[in-house]
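Proteins come first, then strands; the chains are lettered A, B, ... in the order of their sequence lines, and each starts at number 1. Hydrogens, waters and symmetry mates play no part in the numbers below; they use all other heavy atoms, side chains included. Remember, it's a predicted structure, so these values are computed and weren't measured experimentally.
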Amino acid sequence: MTITQIEIQLVAVVVAAACALPGVYLVLRGFAMMSDAISHAILPGIVVAFFLVGNLNSPLLILGAALTGLLTVVLVEMLTATRLVKEDAAIGLVFPALFSVGVILIARYAGDVHLDLDAVLLGELAFAPFNRLEVGGVDLGPQGLYAMGAVGLVNLAFILVFYKELKLATFDAALASSLGFMPVLLHYLLMGLVSVTAVAAFDAVGAILVVALIVGPPASARLLTDRLSMTLLLSVVLGVACAISGYWLAHALDASIAGSMATMVGVCFAACYLFAPRHGWLALRRLEHRRRFVFARKVLAIHLLQHEGTPEADRECRADHLQEHLSWSPSFSRTVVQQARQRELIHQHNGRLWLTPKGRALAQKSVVDV
Amino acid sequence: MELLSDLFVALFTDYTLRTVALGSAVLGLVSGALGTYAVLRGQSLIGDAISHAALPGIALAFLLTGSRMTLVLLLGALAAGWVATLCIMQVSSSRRVTYDTALGLALSVFFGVGLMLLTYLQQTAGAQQAGLDTFLFGQAATLVTEDVWTMAGMGGAGLLGMALFWKEFKLLSFDPAFGRSLGLPIRALDVLLTTLLVVAIVIGLQTVGVVLMSAMLIAPAAAARQWTDSLGVMVGLAVLFGILAGVSGALISSVVPRLPTGPTIVLSVSAIVVISLFLAPRRGLVWRWMRERRSTRQHPALRMVGEEGR
């Protein structure tokens, strides 16, 4: 690995970690698409700030962009508050309008300046090491690393300081506000952080990857754990893993780094969605399958109990009758009968099914439960 | 006035302007009509997700056929958008993943895959990346008559589907539980309606681009919603607003130098939304304020209870 490769990966890792932290709260609050809106809507803020300072590397650009990000949030909330449009429609109305303003400003007034739309949306991580931070002539490393590092630390500090408050505001906003925790203020602070994160990150990875890194790792982590603190930790770990594996995928294919990292985010989520131990698709199917048979064995036992000692018992308590009476398929009936025998709930004699004491107890208990 | 009449003449004589205006009108028509359902069903942002998700389809269509024909690329976009839709529906049916999270994931991951494919193509096949810019930001000026026909054909098919299943889609939008109890295949209808939405989204990509397509889907319908409570009237108005925004955006951007068409169309349609929010009778904000003033004048006590008391 060359120094440049290491530096690119370092920037990617820091971006991933910084995005994942506020991302957890966005995902939990159902605001995932706000990250998309903010990362697009910051465009006019960057353009206007650029016109004012005339320098693409000025920190004022970040400020301008962050303010537009907040403006997006405020406009969406105002539109929603009129109750004339739903919240998702409000988001979808606000950010394209702001983005349009940005595109028009660039087309009309910045045609000859290097303010590339592609770079805003797609980013180019490979260029991250070219902008160096130098203090007194000493090269300290890529500028992006320090900018993202600072943003990541601010995110971490915010979450550590307001951990309890954020938790309460996320899971029970009404209780939080009645206890005087000002969830609205927290909401705006969080959105402000998302704006700053998106702005600082888009330079390195582009607006679309920002969305992938904000939404993807928390969504994956949520499938793996039920605890908030673990979700935060896992999100960071998964985000970092996606960043590094994405970098090497891009390296192998000689393709876009941002695109490959987003692809890895997708792979990671798909894996969690399918194979997560408790909430994964496979685990849920297996659980469903097992429950179906548990229930079927109870039904069989109850059925036998119902007809025990009655005149029609000879006709009812047969394996081949279950098909007709309970509309089970022949193979399903066979499996259930076999399972019930293995568990010593019933025994078969002269082609008839008899309840064992254990089976009778189960049937009686199940009837009471129902 | 002279400018306006010149513009009117140019609309019929100038080839580029005529094509762009027609294309924008078709786009406004189709997205206005189908967007109505997206807005009513609380799926406004699906346009944003699907338009981004179409990128890998375009890349693959180009890779497999080597063709740059609009129809081929749009079919690729359609396929990818459709796959993304199914992914969104499947993933968001899980209790652990909310709808907005599924949208954000589909949007960014599909787009990322597309970006990776495109940059990979560029390296290996020596293919130009040309088309990506057009795709991202729209390039209405590159529309040719053939494109408009393609758009009209696909859009027409989408509208036909909507007309055929009008009653079913209405039920799906307002009371899916009742629909299910009537024995309607609600899930299949859901897939069908979303597929038609994908069609509407895909035909707008060349004109307004990925980012702005979602506005074309939402804005006409959101504006139309303010003027009426009837689904039929709402679809009609949304179509009208969509066409109005498309044509006026195309005209304005042709008159003012260096004014890109897509963003101008979006700002036109946003203006229609703002006007509707304020002025629409009964629901509009102006009417609401007037009503409040009247009621506080008639019942001064209401002023003391203020906002909360109502």
Side-chain angles (χ1 to χ4, degrees), chain A residues 27 30-36 40 79 82 84-86 88-93 95-97 99-104 107-108 111 117-118 121-122 208-216 218-219 222-223 249-250 253-256 258-266 269 273 276 279 281 284, chain B residues 39 42-45 47-49 52 91 94-105 107-120 123-124 132-133 136-137 211-219 221-222 225-226 257-260 262-264 266-267 270 273 277 283-285:
Chain A
V27 167
F31 272 104
M33 285 303 277
M34 203 58 128
S35 64
D36 181 51
H40 284 100
L79 257 181
T82 64
L84 295 177
V85 290
K86 290 182 193 149
D88 61 328
I91 294 177
L93 287 169
F95 87 84
F99 190 79
S100 295
V101 171
V103 175
I104 288 178
R108 283 188 64 76
L117 267 176
D118 287 15
L121 281 189
L122 309 179
I208 311 294
L209 183 58
V210 169
V211 177
L213 288 177
I214 287 183
V215 180
R222 221 172 108 58
L223 289 162
L249 180 65
L253 295 176
D254 199 5
S256 150
S260 309
M261 279 163 65
T263 305
M264 287 316 294
V265 169
F269 176 79
Y273 181 77
H279 303 297
W281 189 84
L284 290 178
Chain B
V39 168
Q43 296 181 336
S44 296
L45 292 172
D48 195 33
H52 282 83
V91 166
S94 144
R95 250 183 300 166
R96 304 293 290 187
V97 188
T98 51
Y99 186 65
D100 61 308
T101 304
L103 287 181
L105 267 169
L107 176 157
S108 55
V109 169
F110 272 72
F111 191 84
V113 172
L115 188 59
M116 189 180 75
L117 278 175
L118 270 182
T119 44
Y120 177 65
Q123 310 291 343
T124 54
L132 179 59
D133 275 20
L136 277 175
F137 306 113
V211 182
L212 302 178
M213 192 48 224
S214 66
M216 289 309 292
L217 216 52
I218 304 169
R225 175 68 189 92
Q226 312 310 322
R258 292 209 286 179
L259 195 62
T264 313
V266 170
L267 287 187
S270 303
V273 173
L277 287 177
R283 271 173 76 100
L285 291 175

Checklist entry - If you count heavy-atom pairs under 4.5 Å with chain B, which of A/L84, A/V211, A/T263, A/L223 comes out on top? => result A/L84
Next on the checklist: Can you give me the closest heavy-atom contact between A/F269 and B/V97, atom names plus distance?
Outcome noted: CZ-CG2, 4.0 Å
Checklist entry - Do you know which two heavy atoms are closest between B/L103 and A/M33, and how far apart they sit? => result CB-SD, 3.8 Å
Item to check | side-chain contact (heavy atoms from CB on, under 4.5 Å) partners for A/L284, two or more places apart | outcome: none
Checklist entry - What residue in B/T98, B/L267, B/L117 has the most heavy-atom pairs under 4.5 Å with chain A? => result B/L267
Checklist entry - Does the side chain to side chain contact (heavy atoms under 4.5 Å, CB included) test come out yes or no for A/Y273 and B/V91, once each step is laid out? => result CA-CA 8 Å; A/Y273 181 77; B/V91 166; 4.3 Å; yes
Checklist outcome for this item: Correct closest heavy-atom pair for A/G92 and B/I218 would be CA-CD1, 3.4 Å
Checklist outcome for this item: Minimal heavy-atom distance between A/F31 and B/D100, with the atoms involved, is N-OD2, 3.2 Å
Item to check | A/W281 vs B/S94 side-chain heavy atoms within contact, under 4.5 Å | outcome: no
Item to check | Within-4.5 Å side-chain heavy-atom neighbours: A/F95 and B/D48 | outcome: yes
Checklist outcome for this item: Comparing A/V215, A/L249, A/L213, A/I104 against chain B, the one with the most heavy-atom pairs below 4.5 Å turns out to be A/I104
Checklist entry - Taking the side chain from B/T119 and the backbone from A/A255, do they hold a donor-acceptor pair closer than 3.5 Å? => result no
Checklist entry - Contact part of A/D36 toward chain B, heavy-atom cut-off under 4.5 Å: side chain, backbone, both or neither? => result side chain
Next on the checklist: Would A/S260 and B/M116 count as a side chain to side chain contact (heavy atoms under 4.5 Å, CB included) here? Give the steps.
Outcome noted: CA-CA 6 Å; A/S260 309; B/M116 189 180 75; 3.5 Å; yes
Checklist entry - For B/V266, which residues count as a side-chain contact (heavy atoms from CB on, under 4.5 Å) partner, sequence neighbours excluded? => result A/P96, A/S100, B/L212, B/A215, B/S270
Checklist outcome for this item: For B/S108 and A/A212 the tightest heavy-atom approach is OG-CA, 3.2 Å
Checklist entry - Between B/R96 and A/A219, is there a donor-acceptor pair closer than 3.5 Å when you use the side chain of the first and the backbone of the second? => result no
Checklist entry - Quick check: does any side chain N or O of B/R225 sit under 3.5 Å from a backbone N or O of A/V85, one acting as donor and the other as acceptor? => result no
Checklist entry - Which heavy-atom pair separates B/P263 from A/V103 by the least distance, and what is that distance? => result CG-CG1, 3.7 Å
Item to check | Toward chain A, the part of B/V113 with a non-hydrogen atom under 4.5 Å | outcome: both
